Q: 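To start, I am sharing the structure in question, which I have written as structure tokens.
Source: prediction; values computed, not measured.
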Amino acid sequence: MARHLITSALPYINGIKHLGNMVGSMLPADVYSRYLRQRGHDVLYICATDEHGTPAELAAKEQGLPVAEFCAQAHDAQKAVYDGFALAFDHFGRSSSPENVEITQHFARRLNENGFIEERAIRQVYSPTDGRFLPDRYVEGTCPHCGYDKARGDQCENCTRVLDPTDLINPRSAISGSTDLEVRETKHLFLLQSKLQHEVEAWVSRHEEDWPQLASSIARKWLNEGLHDRAITRDLDWGVPVPADTWPELAAEGKVFYVWFDAPIEYIGATKEWADAAPAGETRDWKSWWYEADDTVRYTEFMAKDNVPFHTVMFPATELGVREPWKKVDYVKAFNWLTYYGGKFSTSQKRGVFTDQALDILPADYWRYFLIANAPESDDSSFTWEHFTATVNKDLADTLGNFVNRVLSFSRKRFGEEVPAGGEPGEAERKLGEEIAALLSEYETHMEALQFRKAAAALRALWSAGNSYLEEKAPWLEIKTDKDGAALTLRTAMNLIHLYAVVSEPLIPATSAAMRGAFELADDTATWVTPDEAKALTAVPAGTPFTVPPVLFAKLTDEDLAAYKERFGGEEG
């Protein structure tokens, strides 16, 4: 089986992430990782908190904490939420780790040796009020492209255009709010991306036809506009230090690397963290996943569209310029925005539902299923409480949850707490087996292609097929004239429940465990069910003890809907 390296865009350290962040990177990466593991592949799913840069310093300042202490606390808080969402990372690291410092500095030295880093004197915004140079994100103002009045000096959150602080209209200090700003000369390191333009173009050309149109079009747009040399150092107290053995003057001035230089390298750094954290007696070869691994590892990245340029152009340029055989991404799964009633989710503006709040309301599987079933793949999708409530009630409570409950409850009532035997399968069971096999094959196809909405629809169709079979056979009527026939129907339906437990695990792992745990099977080691195996529906034989699990999904009421909208708002944005 193949070795699959999977990374999702690093969640930034300044606060708990909203549902848009979850569905745009970490959750689909987890679903895909789980699916691949079930199919027998060797999978390594790596993520980390992105801890450097201006927002971390500003958030720490706001809380009155040293930035290192703030980041440590924020990392733990984020990890607790991701654990609550059942994200099965192999390792969830930190970009401030010693491993990332070591590898980032190595990359910088190699780029310098190869002629792709240059020290330049530049004119940079200085705030006399604050007594310091202001890095990009310490400068706010109006975007010259779209007019957004809260644009940052590195990028406009509204139109996603990359900016320099001097591009902003009416700039001000993000620290003090002072508009008394000057432009002074200072020295920084520049990555000479212009010298790597043709190599990046050639690399993108070899991959873009396989990528989603969203990812390839963004990469091509950046390349068509031309790659510009970019400053990769900043005047900050917190970050990967510029190594003194290579740039002593800049190191003495306290320069650190720009967060967008070291953050992608943290994918490698976090893999080394995973290896370094191996328990006693276990050896983990981190380098085999990243170095000279083109023929042995398939690397898939998950991210929202605003992160695409950095992963399809900037980081590949860095890897190419190092002139070492580091693994580059094979497939970029990019997502559009999940909106909140048509308006943007926003961490900075606290608009929308945040992941910790979501878990306070309902268990993770409600959110996991809804988000994947409505993933913003081909275009933006909108979260509304009305849509969420309808999806939970129709798909989870009625289609899946009700099927499980009425099959097991009715069988226990009429046949006791063991799977009934009944007669031999007939035409209805043969037709059901063919339908289940076809739907399962469709589900596999969509999961392999990373088409998550289509995969969720195929899974929903699998659940619906069980309900249709149950309605056709009507064991509550059948039992009056053909007890063995009713027993067969229920045994077949119980085998469907077990099948659902296995194949639904990537989307709803806790519910899958509850369904699987309903049956006391002596040797239940199946990790997947193939379409051919699904035709037979014999995994749970007659005589198997079972229990009726608690209600899998509670239906949401009009009162619930009203309470959610009152708490979070529910008007068009």
Q: Is a side-chain donor-acceptor pair under 3.5 Å present for Asn393 with Asp398?
A: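 On atom types as modelled, these side chains do not qualify, holding no pair under 3.5 Å.
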Q: For the residue pair Ser381 / Asn374, report whether a side-chain donor-acceptor contact shorter than 3.5 Å exists.
A: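 Looking only at side-chain atoms, Ser381 and Asn374 do not form any donor-acceptor pair under 3.5 Å.
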Q: Check whether any side-chain heavy atom of Leu396 lies under 4.5 Å from a side-chain heavy atom of Thr391, and answer yes or no.
A: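 No. Closest side-chain heavy atoms not under 4.5 Å.
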Q: Inspect the contact between Glu301 and Lys333 and indicate whether a charged nitrogen and a carboxylate oxygen are less than 4.0 angstrom apart.
A: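 A salt bridge is absent here (no side-chain N lies under 4.0 Å from a carboxylate O).
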Q: For Ala60 versus Val67, what's the shortest heavy-atom pair and its separation?
A: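 Heavy atoms of Ala60 and Val67 come nearest at CB-CA, 3.6 Å.
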Q: Begin with the C-alpha distance, continue with both residues' side-chain angles, and end with the deciding distance and a verdict on side chain to side chain contact (heavy atoms under 4.5 Å, CB included) for Val392 and Lys555.
A: CA-CA 7 Å; Val392 166; Lys555 293 195 75 166; over 6 Å; no
Q: Which word best sums up how the rings of Phe107 and Trp326 line up, parallel for under 30°, tilted for 30 to 60°, or perpendicular for over 60°?
A: tilted
Q: How about Trp211 and Thr312: do any of their side-chain heavy atoms sit closer than 4.5 Å?
A: yes
Q: Less than 6.0 angstrom from the centroid, inside 45 degrees of the normal: does Lys327 satisfy that with respect to the ring of Trp289?
A: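 So Lys327 doesn't make the cation-pi contact.
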Q: So, Thr54 versus Arg234: side-chain donor-acceptor pair below 3.5 Å or not?
A: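 No pair is found: no donor N or O on one side chain lies under 3.5 Å from an acceptor on the other.
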Q: Salt bridge (charged side-chain N to carboxylate O under 4.0 Å, His left out) between Arg516 and Asp524: does it pass, once the steps are laid out?
A: CA-CA 9 Å; Arg516 197 159 180 166; Asp524 188 10; 2.9 Å; yes
Q: Looking at every non-hydrogen atom in both residues, tell me the closest pair between Phe403 and Ile497 and how far apart they are.
A: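 Reported closest heavy-atom pair: CE2-CG1, 3.7 Å.
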Q: Dump the intermediate steps for side chain to side chain contact (heavy atoms under 4.5 Å, CB included) on Arg368 and Leu87, then the final yes or no.
A: CA-CA 10 Å; Arg368 288 177 63 102; Leu87 301 183; 4.0 Å; yes
Q: With a 4.5 Å limit on heavy-atom distance, are the side chains of Tyr138 and Leu236 in contact?
A: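 Yes, close enough: below the 4.5 Å cut-off.
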Q: Does any donor atom in the side chain of Asp210 or Tyr331 lie under 3.5 Å from an acceptor atom in the other side chain?
A: no
Q: Find out whether Met26 and Pro11 are in side-chain contact, i.e. whether some heavy atom of one side chain is under 4.5 Å from a heavy atom of the other.
A: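 Yes. Closest side-chain heavy atoms under 4.5 Å.
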Q: So, do Tyr564 and Asp560 sit near enough that their side-chain heavy atoms are less than 4.5 Å apart?
A: yes
Q: Run the salt-bridge test on Lys150 and Glu157 with the 4.0 Å N-O cut-off and return the result as yes or no.
A: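 A salt bridge is absent here (no side-chain N lies under 4.0 Å from a carboxylate O).
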Q: Would the number of heavy atoms belonging to other residues, nucleotides or ligands and lying under 6.0 Å from CD of Glu282 be above 12?
A: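 Yes, CD of Glu282 has more than 12 neighbouring heavy atoms, counting only those of other groups under 6.0 Å.
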Q: Looking only at heavy atoms, what is the nearest atom pair of Trp367 and Leu359, with distance?
A: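 What the structure gives for the nearest pair is NE1-N, 4.3 Å.
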Q: Are a donor atom and an acceptor atom from the side chains of Ser504 and Tyr369 found within less than 3.5 Å of each other?
A: no
Q: Is the closest basic N to carboxylate O distance between Arg94 and Glu273 below 4.0 Å?
A: no
Q: Parallel, tilted or perpendicular, judged at 30° and 60°: which one describes the rings of Phe92 and Phe89?
A: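 Parallel: the ring planes of Phe92 and Phe89 meet at under 30°.
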Q: Check the angle between the aromatic planes of Tyr32 and Tyr35 and answer parallel, tilted or perpendicular using the 30° and 60° thresholds.
A: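 Parallel: the ring planes of Tyr32 and Tyr35 meet at under 30°.
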Q: In terms of heavy-atom contacts, does NZ of Lys344 have more than 12 from other residues, nucleotides or ligands at under 6.0 Å?
A: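 Atom NZ in Lys344 is packed in, count exceeds 12.
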Q: Between Glu377 and Asn336, what is the shortest heavy-atom contact and its length?
A: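 Nearest pair, atom of Glu377 first, then Asn336: O-ND2, 2.9 Å.
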Q: Please report the shortest heavy-atom distance between Ala59 and Asn14, naming the atom on each side.
A: CB-CB, 4.1 Å
Q: Is it the case that the side chains of Trp238 and Glu51 hold a donor-acceptor pair, with the cut-off being a distance below 3.5 Å and no angle test?
A: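 Short answer, no.
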Q: Are the side chains of Asp42 and His4 in contact, using a 4.5 Å heavy-atom criterion?
A: no
Q: Classify the side-chain pair His52/Tyr12 by whether it contains a donor and acceptor separated by less than 3.5 Å.
A: no
Q: Just do the salt bridge (charged side-chain N to carboxylate O under 4.0 Å, His left out) check on Arg220 and Glu208 with the steps written out, would you?
A: CA-CA 9 Å; Arg220 183 54 58 186; Glu208 62 183 332; 2.7 Å; yes
Q: Between Asp130 and Ser176, is any side-chain donor less than 3.5 angstrom from a side-chain acceptor?
A: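 Yes, a side-chain donor-acceptor pair sits under 3.5 Å.
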Q: For the residue pair Val332 and Met303, establish whether any side-chain heavy-atom pair is separated by less than 4.5 Å.
A: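 Side chain of Val332 against side chain of Met303, heavy atoms only: contact under 4.5 Å found.
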Q: Would you name the heavy atoms of Ala358 and Leu19 that are closest together and state the gap between them?
A: CB-CD2, 4.1 Å
Q: If you measure only the distance, is there a donor-acceptor pair under 3.5 Å linking the side chains of Ser464 and Asn467?
A: no
Q: In terms of relative ring orientation, are Tyr500 and Trp463 parallel, tilted or perpendicular, with 30° and 60° separating the classes?
A: perpendicular
Q: Is a donor from one side chain sitting under 3.5 angstrom from an acceptor on the other, for Glu386 and Tyr341?
A: yes
Q: Regarding Trp274 and Tyr45, do their side chains bring together a donor and an acceptor under 3.5 Å, going by distance alone?
A: no
